[in-house]
Amino acid sequence: MTIYNFSAGPAVLPHEVLQQAREELLDWHGSGMSVMEMSHRGKEYMSIQADAEKDLRELLAIPANYKVLFLQGGASQQFAMVPMNLLRGKKSADYVHTGEWSKKAISEAKKFGAVNVVTTGADKNFSYIPAFDTWQRDAEAAYLHYTPNETIGGVEFNWVPDTGAVPLVADMSSNILSRPVDVSKYGLIYAGAQKNVGPAGLTIVIVREDLIGQVVAGTPTMLDYKTHADNDSMYNTPPTYGIYIAGLVFQMLKRKGGLAAMEQTNIVKANLVYGAIDTSNGFYHCPVAQSDRSRMNIPFTLKDAALDGDFLKQAGALGLLQLKGHRSVGGMRASIYNAMPVEGVQALVSFMNEFAKLHG
Ligand SMILES: *Cc1c(COP(=O)(O)O)cnc(C)c1O
């Protein structure tokens with residue numbers, strides 16, 4: 001039986017990448033060593049990391065005045081590193097509150113400075129993104145932080161806020177590499193790798209050079225972007241194996257036609273699932289406003305929550321795993337990142353249709 005893993009993260013990885021990693025596990029390219037065993041300062045590993053950076057730069061067309069950093073600590077550590085590095089003596093920062101992850105970013109930022117919440121989706125239980133022209137922005141803000149894809153609530157921006165001279169900061173943990181992005185519109189982009197890139201333990205930061213180097217006094221060396229930028233992410237031991245696997249994912253994305261091709265497939269996959277929900281005569285329900293629905297994480301409930309257990313059990317018997325919704329939301333959540341094949345989505349949709357017919 002083919003297993004399809006709909007986990008929100010750590011999440012499914014491309015089968016061909018795992019196969020390649022297995023083939024190279026004990027002996028990478030005739031080195032006689034596993035990548036896990038290599039010195040991070042040796043020429044073999046240095047070439048792996050350099051290639052990973054080069055391929056990521058190519059995929060996202062990252063301009064030359066941006067640094068790519070391979071860090072640890074997860075997106076959660078970026079919730080602190082962003083204000084520590086980017087407040088740069090300014091009084092406050094703007095934050096967009098669209099759900100659980102932006103809320104966490106906001107509470108962490110409050111430890112370092114004043115936070116101006118420019119808008120919140122709280123009035124409709126975070127089921128939508130408030131229109132840009134209603135945001136209460138501060139022209140003097142150090143930066144504006146938002147979460148382009150709320151992994152738990154399933155709302156996603158299909159547009160980029162235009163903040164003018166105020167640097168735009170994005171937590172792209174759950175939708176980086178799912179579509180082309182104009183990096184030049186951003187001051188800083190960060191993402192934990194374990195949703196759409198690779199294994200847990202690697203965090204990617206893409207930051208415009210002029211924003212680096214003005215941390216608050218007393219900032220630990222490891223939490224200063226400059227430390228990592230000046231040392232090609234090798235100030236200390238980087239998460240070598242995670243970077244290697246991410247590098248294989250970047251190569252695979254290039255082979256498959258890059259991010260424009262990924263976007264087309266991701267649209268097809270998302271439409272299949274939303275189609276099943278919207279044509280179920282109310283058997284399934286997605287709370288998110290049509291225009292703000294995520295292509296990556298699709299939360300939905302069943303008409304009768306008493307059927308949740310049966311739904312999960314029968315789905316599991318068919319190899320459709322990890323569909324249980326986040327504990328704060330309930331119901332179901334299908335995460336359909338880049339690595340989820342169309343066949344997996346088709347299998348889910350057939351099951352959903354069948355289940356609705358039987359119990360509707
Ligand atoms: C998962 C997630 C996080 C938290 O990531 P960690 O790597 O566990 O710290 C933060 N933001 C978003 C949008 C996420 O999806």
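Order of appearance sets the numbers: ligands from 1, and atoms from 1 within every ligand. Throughout, residue positions are numbered sequentially from 1 according to the sequence presented.
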is_close_aromatic(Tyr66, Tyr186), centroid dist under 6.0 Å: no

Proximal ligand 1 atoms for Gly74, defined as those under 4.0 Å from one of its heavy atoms: 7 (O), 9 (O)

Parallel, tilted or perpendicular: ring planes of Phe79 versus Tyr190, cut at 30 and 60 degrees: perpendicular

Check: Gln194 N/O within less than 3.5 Å of ligand 1 N/O: yes

Minimum-distance protein heavy atom relative to atom 2 (C) of ligand 1: Lys195 NZ, 2.5 Å

Pair Phe355-Gln314, side chain to side chain contact (heavy atoms under 4.5 Å, CB included): steps then yes or no: CA-CA 9 Å; Phe355 191 87; Gln314 290 175 33; 3.6 Å; yes

4.5 Å side-chain heavy-atom contact, Tyr284 and Lys303: no

Atom indices of ligand 1 within 4.0 angstrom of Phe79 heavy atoms, with elements: 10 (C)

Shortest protein heavy-atom distance from atom 5 (O) of ligand 1, along with the residue and atom involved: Ala75 CB, 3.6 Å

Within-shell test, Ile152 vs ligand 1, heavy atom, strictly < 4.0 Å: no

Nearest non-hydrogen protein atom, atom 15 (O) of ligand 1: Thr151 OG1, 2.4 Å

Contact partition for Tyr190 relative to ligand 1, non-hydrogen atoms under 4.0 Å: neither

Pairwise side-chain contact, Phe70 with Thr203, heavy-atom cut-off 4.5 Å (strictly under): no

Whether His97 and Phe126 hold their rings parallel, tilted or perpendicular, with breakpoints at 30° and 60°: tilted

Residue and atom name of the nearest protein heavy atom (relative to atom 9 (O) of ligand 1), distance in Å to one decimal: Ser76 OG, 2.6 Å

Side chain, backbone, both or neither: the part of Asn149 lying under 4.0 Å from ligand 1 by heavy atom: backbone

Protein contact to atom 11 (N) of ligand 1 [nearest heavy atom, distance to 0.1 Å]: Asp171 OD2, 2.6 Å

Check: Phe283 and His359 side chains under 4.5 Å, non-hydrogen atoms: yes

Cluster overlap Leu177 with Met340, hydrophobic side-chain contacts below 4.5 Å: no

